[in-house]
Amino acid sequence: MATLIGSYDELPSVHTKLHAWIKENHYKLNGAPFEVYQTDPHTTPKDTNIIEIFFPIK
């Protein structure tokens with residue numbers, strides 16, 4: 001799991017880093033990644049969005 005505080009434009013790089021960490025540490029995905037949006041992008045400034053990115057592993 002990682003938490004992104006900032007622009008949604010950064011989500012692809014967080015996904016890439018999590019995939020790399022999983023591979024480097026010899027884990028395997030155990031389900032589809034998912035995101036939890038803690039802030040509303042319509043009312044939150046772009047640089048203060050909070051998104052939690054989860055990668056289920058085994």
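Note that these values count all heavy atoms, side chains included, but never hydrogens, waters or copies made by symmetry. A quick note: this is a predicted structure, and the numbers were derived from the prediction, not measured.
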Check: Between atom CH2 of Trp21 and atom OG1 of Thr16, what is the distance when rounded to the nearest 0.5 Å?
Finding: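 The CH2 atom of Trp21 sits 16.0 Å away from the OG1 atom of Thr16.
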Notebook entry, point to check: What's the spacing between Ile53 CD1 and Leu11 CG if we round to 0.5 Å?
Noted result: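 Rounded to the nearest 0.5 Å, the CD1-CG separation comes to 5.5 Å.
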Would [X] and [Y] show up in the same hydrophobic cluster when neighbours are defined by side-chain heavy atoms closer than 4.5 Å?
X     : Y     : value
Val14 : Tyr8  : yes
Leu29 : Phe54 : no
Phe34 : Leu18 : no

Item checked: side-chain hydrogen bond (donor to acceptor under 3.5 Å, both in side chains) contacts in which one or both residues fall within residues 22-32, not counting sequence neighbours ->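 Sorted result for residues 22-32: empty, none.
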Notebook entry, point to check: Going by the side-chain hydrogen bond (donor to acceptor under 3.5 Å, both in side chains) test, which pairs reach into residues 33-55, not counting sequence neighbours?
Noted result: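 For residues 33-55, and leaving out neighbouring residues, the side-chain hydrogen bond (donor to acceptor under 3.5 Å, both in side chains) pairs sorted by first residue read Asp9-Lys46, His15-Glu35, Glu35-Tyr37, Gln38-Glu52, Thr39-Asn49.
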Note to self: Testing the basics here: between Ile51 and Gly6, what is the closest heavy-atom pair and its distance to 0.1 Å?
What the structure shows: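 Distance-wise, the nearest heavy atoms are CD1-O, 4.1 Å.
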Note to self: Running the 4.5 Å side-chain criterion over Ile, Leu, Val, Met, Phe, Trp and Tyr, what cluster does Ile5 land in, apart from itself?
What the structure shows: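 For the cluster that includes Ile5, the remaining residues are Ile50.
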